[in-house]
Amino acid sequence: MTGPKTEQTSDQKIEAYTDPAGGWGSARSLVDILTREEIPVTGAAMLMRQNKPDGFMCVSCAWSKPAKPSTFEYCENGAKATAWEQTRKRIGPDFFERHTVTELLTWSDYALEEKGRLTHPLRYDAQRDRYVPVSWEDAFDEIGRELKSFDPNSVVFYASGRASLETSYMYALFARIYGTNNLPDSSNMCHESTSKALPQSIGVSVGTTVLEDFETTDLILFFGQNVGSNAPRMLHPLQDARRRGVPIITFNPLRERGLERFTNPQSPIEMLTKSSTQISTQYHQVKAGGDIAAITGICKALFAADRDAKAQGRPRILDVGFIEEHTHGFAEFEAFCDRQDWAALEVKSGLKREGLEAAAAVYARASAVIGIYGMGLTQHRRGTETVQMLVNLLLLRGQIGRPGAGICPVRGHSNVQGQRTVGIADDPALVPLDKLKELYGFEPPREKGLNTVEACEAILDGTVKAFIGLGGNFVRAVPDTRRMEEAWRRQRLTVQVSTKLNRSHLVHGEVSYILPCLGRIEIDEQASGPQAVSMEDSTSCFHGSKGVASPVSDHVRSEPWIVAQLAKATLPPHAQVDWDGWVGDYAKVRDAIEATYPATFKDFNARLFEPGGVHKPLAARHRKWETPTGKANFVLPPDGLEEDPDMPARGRDVIDLITLRSNDQFNTTVYGYHDRFRGVKGTRDILFMNENDIARLGLADGEIVDVATDASDGFDREVKGLRIVRYDIPEGNCGGYYPELNVLIPLWHHDVQAKVPAAKAIPVRITRSAMQTAPGGA
Ligand SMILES: Nc1nc2c(c(=O)[nH]1)N[C@H]1C(S)=C(S)[C@@H](COP(=O)(O)OP(=O)(O)OC[C@H]3O[C@@H](n4cnc5c(=O)[nH]c(N)nc54)[C@H](O)[C@@H]3O)O[C@H]1N2
Ligand SMILES: Nc1nc2c(c(=O)[nH]1)N[C@H]1C(S)=C(S)[C@@H](COP(=O)(O)OP(=O)(O)OC[C@H]3O[C@@H](n4cnc5c(=O)[nH]c(N)nc54)[C@H](O)[C@@H]3O)O[C@H]1N2
Ligand SMILES: [Mo]
C-alpha cells in the first residue's frame with residue numbers, strides 16, 4: 001500500500017501572486033466554490049447568517065465573533081467551509097456499492113470528501129470489502145457489545161475540535177463513566193503547547209486578549225500564524241489597527257501574503273480602487289524554530305536600552321513596578337539573556353542583530369502590546385518554551401492584564417478551546433472529577449489518559465483495541481502515516497462520527513462503523529423543537545449557534561443524539577444521567593454544564609445569544625496569577641539555547657521542513673489544488689526551497705525530488721516526486737503541504753513538554769528523483 005494518489009489538474013502553474021490578500025481573488029474564489037458545490041442561491045443567503053448572534057457560528061476557524069457583526073461577517077475560507085458542508089452532493093449506499101474500500105484507498109483526500117455528505121450509517125463488510133448500510137439500532141447494539149468487552153483503558157475517545165460544548169460535555173462524561181480518561185483531541189496536535197506553557201507562566205491556559213483589545217492596542221507582535229488563509233476575519237481588526245497607525249511586527253519564515261497586504265473584499269471602495277492596506281510594518285523571516293533565539297535577542301536589546309535609560313536618568317524601558325509587584329524569576333531571566341551572545345542568536349534565529357534591535361526599539365515605545373501566534377510557535381520540539389519566551393517578552397513591559405495588551409494564541413477548530421473547557425482532556429487534573437462524582441454518582445477514573453501521541457504509541461504497541469472518533473480524520477492528521485496506518489488496522493473496533501468520507505474510514509479496524517452526523521449549519525430538530533448549540537471562540541467567548549439549513553438526509557442524526565445512543569448502548573442503566581432528556585432539549589445539557597462549572601457558565605442558558613458572546617472569567621486579565629508562585633513567572637528554557645540533545649547531529653545536506661496549509665484546505669480537508677497567495681496552481685506535490693539550497697544540493701528550480709527524513713531509528717520515511725518551487729524562504733528551511741508530508745514526521749519528533757507533533761521543523765534530505773515528472777503530473 002503506497003498511500004493515496006495525489007491528483008493534479010492539467011493547468012499546473014507556479015507564478016508569483018502579486019495581489020493582496022482578500023480583494024478580487026477572494027471574491028472569485030468564493031463564487032467558484034459555491035458554484036462547484038451546486039449551491040449558488042441558498043449558499044449566498046446562508047452566508048448572511050454566518051457568525052451572527054441569531055445565526056450559526058462558522059465551522060471553519062475559531063476567531064472571535066464581534067458583537068456588532070458586519071452584514072457579511074464571513075471570509076473567503078469561512079464561506080468555503082460553509083459551501084463544503086452544505087454541498088448538494090451526497091454519498092449514499094449506492095456510492096459504496098460501486099466502490100470497494102481497497103479502491104477508495106487510492107483516492108486523494110480531495111476526491112474522497114468532494115463526493116459529498118455521508119447520508120447513512122454504514123458498517124464495513126469484510127467479505128465484500130465495502131461499507132454497507134446498517135440500521136442505527138443494529139449499529140449501536142454491536143458497538144455497545146464490543147465496548148462492553150474491552151478494558152476501558154484500551155479504548156480511545158478522540159475529539160476533533162468542531163463538536164459543540166453540549167456534545168463534548170456528553171462525550172467526555174460518557175468516556176469517564178465507561179472508565180477512562182483516554183480523551184485525546186486535536187488540540188494535542190495544535191495548541192497543547194499553549195495549554196502547557198501559559199498555566200506555568202501566567203496561571204491561565206488560554207489567551208488573555210479579547211476583540212476590544214485590538215481597538216486600543218498600539219503594537220502587534222505577530223509570530224507564526226498565517227492569518228490570510230487560516231483566520232481571515234482577523235484581517236479586519238488588523239486592518240483597522242493599521243489605519244490607526246499601529247505597527248505590526250511579523251516573524252515568519254515565509255512572506256505570507258495576508259501578513260503583507262490586504263484588500264477588504266467587503267469594501268466596495270477598496271475593491272473598485274484596488275487599494276490595499278500594508279499589514280506588517282517589519283517582516284522578519286526567522287528560521288523555523290528560531291523564535292526562542294529571536295525573542296531572546298529582542299529581550300537583550302531591551303535590557304541594554306533599559307540600562308542606558310537608567311544611567312542617563314531617562315524613563316525606564318522595563319516596567320519595573322510591574323516586574324517588582326507581579327512577577328517571579330526576573331533576575332534569572334536577565335542573567336539568562338546576558339549570557340547569550342549575539343553571534344549565536346543570529347545563527348539560531350537566522351536574523352541580524354540590527355533587525356532584532358529594530359523590533360525592540362518599536363516595542364520599547366509602545367504602551368499596549370498584543371502578542372499573537374499560531375502553529376509556527378507551537379509545533380516545534382521546543383514549542384512550549386517558545387510560547388513562554390513570548391510571554392517573558394510581554395512581562396518585561398507589563399503587557400499582560402492591561403487593556404489593549406496581552407497574549408493571543410490563535411486557535412484552530414471552531415470549538416477546540418471549548419472542548420477542553422467542558423472536560424475533553426487526557427489529564428484528569430483539568431476536570432472537576434469530584435463534582436462529576438457528586439452530580440452523577442459514579443467513581444470517575446483518576447489515572448491520566450492518553451493524549452494524541454500517546455494514543456498513537458498505544459495503537460502501535462497494540463494496547464489500544466478500539467478507537468471512537470468524534471469528528472476529524474485522526475489517521476491522516478497524525479505523524480508517521482505509514483507506521484500508523486499499518487498499526488491502525490490491527491484494532492478490533494473503529495467508529496467514526498463524521499460528515500464526510502475520509503481516510504480514517506478506509507484504514508479501519510476489524511469491526512468498523514461510519515456514523516453520519518448533522519453539521520452545525522443544519523436545523524437540529526428534537527423533542528422540544530429546533531435546538532441551539534454553543535461554542536467557545538479563540539478569545540474565550542461563548543456563543544450560541546442555530547442551524548439554518550435543512551438536514552442533508554433523513555437518516556443522519558445530531559452529534560448529541562449519537563453520543564447519547566453510544567452511551568446508552570454501552571453503559572449500565574444509570575439513573576443520574578438522563579441521556580434521553582438531554583437529547584430532547586439541549587438546554588438541559590447546558591444546565592448540567594453550568595452545574596459542573598458554576599463560575600464559568602453562570603446563567604448559561606439565559607445568556608446564550610448575548611451579542612459578542614459571554615466572556616469566560618480569566619484571572620490573568622485582572623493580574624491575578626493562579627500559578628504556584630502566585631506571580632507571573634519568567635520561565636527559562638530548561639536547556640537554554642543548546643542544540644536539542646535528542647536529535648541526531650546533522651550534516652550540511654539536512655534541511656528543516658515546515659509542513660503548511662494551503663489557502664485551499666481546512667486541515668485534512670482539501671478544497672482544491674490552488675494555493676493562490678503562494679502562487680501555486682493545480683498541484684500540491686511541491687517543495688518550497690531557498691535558491692541557495694537548490695544550488696548547493698546541485699538541483700534546479702522545477703526539478704522533481706524525493707524527500708527523506710533524517711532519522712536513525714530504523715524506519716524509512718520518504719515522499720517521492722515533489723517539484724521544487726524556488727521560494728523566498730530562509731536558507732536551511734523548506735516547505736510543503738500537510739497532510740501529504742505527515743509520512744515524514746517521526747512520532748517521537750514532538751514538543752518535549754506538550755507532545756505536540758513538531759510539524760514545523762522536520763530534518764530531511766532532498767535528492768533528485770528517479771521520477772521524470774511529479775506523480776499524476778502533466
Ligand atoms: N482556511 C483554513 N483555516 C484554518 C485551518 C485550515 O487548514 N484552513 N486550520 C485551522 C486550524 S486547526 C489551525 S490550528 C489554524 C492553523 O493556522 P496557522 O497557525 O496559521 O497554521 P499553519 O498553516 O500551519 O501556518 C503556520 C505559519 O507559521 C509559519 N511558521 C512555520 N514555522 C515557523 C517558525 O518556526 N517560526 C515562526 N515565527 N513562524 C513559522 C508558517 O510560515 C505559516 O505562516 O488555522 C485554523 N483555520
Ligand atoms: N504535518 C502536520 N500535521 C498536522 C498539522 C500541521 O500543521 N502539520 N496540524 C495539526 C492540527 S493544528 C490539527 S487541529 C489536526 C487536525 O486533525 P483533525 O481535527 O482530526 O482533522 P480534520 O481534517 O479537521 O477533520 C476533517 C474531518 O472532520 C469531519 N467533520 C467535519 N465537520 C464535522 C462535524 O461537524 N462533525 C463531525 N462529527 N465531523 C465533522 C469530516 O468527516 C472531515 O473529513 O491536524 C494536525 N496535523
Ligand atoms: Mo489545529
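Just follow the structure's listing: the first ligand is 1, and inside any ligand the first atom is 1. Note that the numbering runs from 1 along the sequence shown for the chain.
Remark: among candidates R162, R661, E559, R503, the nearest residue to atom 36 (N) of ligand 2 is E559, based on non-hydrogen atoms. With distances taken over non-hydrogen atoms, the option nearest atom 27 (C) of ligand 1 out of P730, C58, G224 is G224. Of all the listed residues (H284, K760, H380), K760 holds the heavy atom that lies closest to atom 26 (C) of ligand 1. Of the listed residues (H413, E85, K500), the one carrying the non-hydrogen atom nearest atom 42 (O) of ligand 2 is K500. When the heavy atoms of S60, A758, G376 are ranked by distance to atom 34 (C) of ligand 1, first place goes to G376.
For the pair M375 and ligand 2, a heavy-atom separation below 4.0 Å is found. Residue contacts with ligand 2 include C517, since one of its heavy atoms falls under 4.0 Å from the ligand. Under a 4.0 angstrom heavy-atom cut-off, P253 registers as being in contact with ligand 1. Ligand 1 has at least one atom lying under 4.0 Å from a heavy atom of D291.
The protein non-hydrogen atom at the shortest distance from atom 7 (O) of ligand 1 is N667 N, 2.7 Å. For atom 17 (O) of ligand 1, the closest non-hydrogen atom on the protein side is N230 ND2, 3.1 Å. Among protein heavy atoms, atom 15 (C) of ligand 2 sits closest to Y738 OH, 3.5 Å. For atom 41 (C) of ligand 2, the nearest non-hydrogen atom of the protein is T499 OG1, 3.5 Å.
Close placement of the F666 and H413 rings is indicated, their centers lying within 6.0 Å of each other. Aromatic ring centroids of F251 and F222 lie 6.0 Å or more apart. Aromatic rings from H505 and F96 are positioned such that their centres are separated by 6.0 Å or more. Taking the centre of each ring, F140 and W561 come in below the 6.0 Å mark.
For ligand 1, none of its N or O atoms has an N or O atom of C190 under 3.5 Å away. By the 3.5 Å distance cut-off applied to N or O atoms, A231 is not counted among the residues near ligand 1. At under 3.5 Å, a nitrogen or oxygen of A477, whether backbone or side chain, sits near a nitrogen or oxygen of ligand 2.
Against a heavy-atom cut-off of under 4.0 Å, G374 is close to the following atoms of ligand 1: 19 (O). With ligand atoms numbered from 1 in the order given, ligand 2 contributes 17 (O), 18 (P), 19 (O), 20 (O) to contacts under 4.0 Å with heavy atoms of Y158. Of all atoms in ligand 2, listed by their number and element, those nearer than 4.0 Å to a heavy atom of S186 are 14 (S), 19 (O). Close approach of ligand 1 to L660 (heavy-atom distance below 4.0 Å) involves ligand atoms 41 (C), 42 (O), 43 (C). Of all atoms in ligand 2, numbered sequentially from 1 with element shown, those under 4.0 Å from a heavy atom of I745 are 1 (N).
Distance check, rounded to the nearest 0.5 Å: CE of M535 to CZ of F56 gives 11.5 Å.
By the criterion of a heavy-atom distance under 4.0 Å, the backbone of S229, and not its side chain, is placed next to ligand 1. Contacts of E256 with ligand 1, taken as heavy-atom pairs under 4.0 Å, involve the side chain alone. With a 4.0 Å cut-off on non-hydrogen atoms, V227 does not touch ligand 1 at all.
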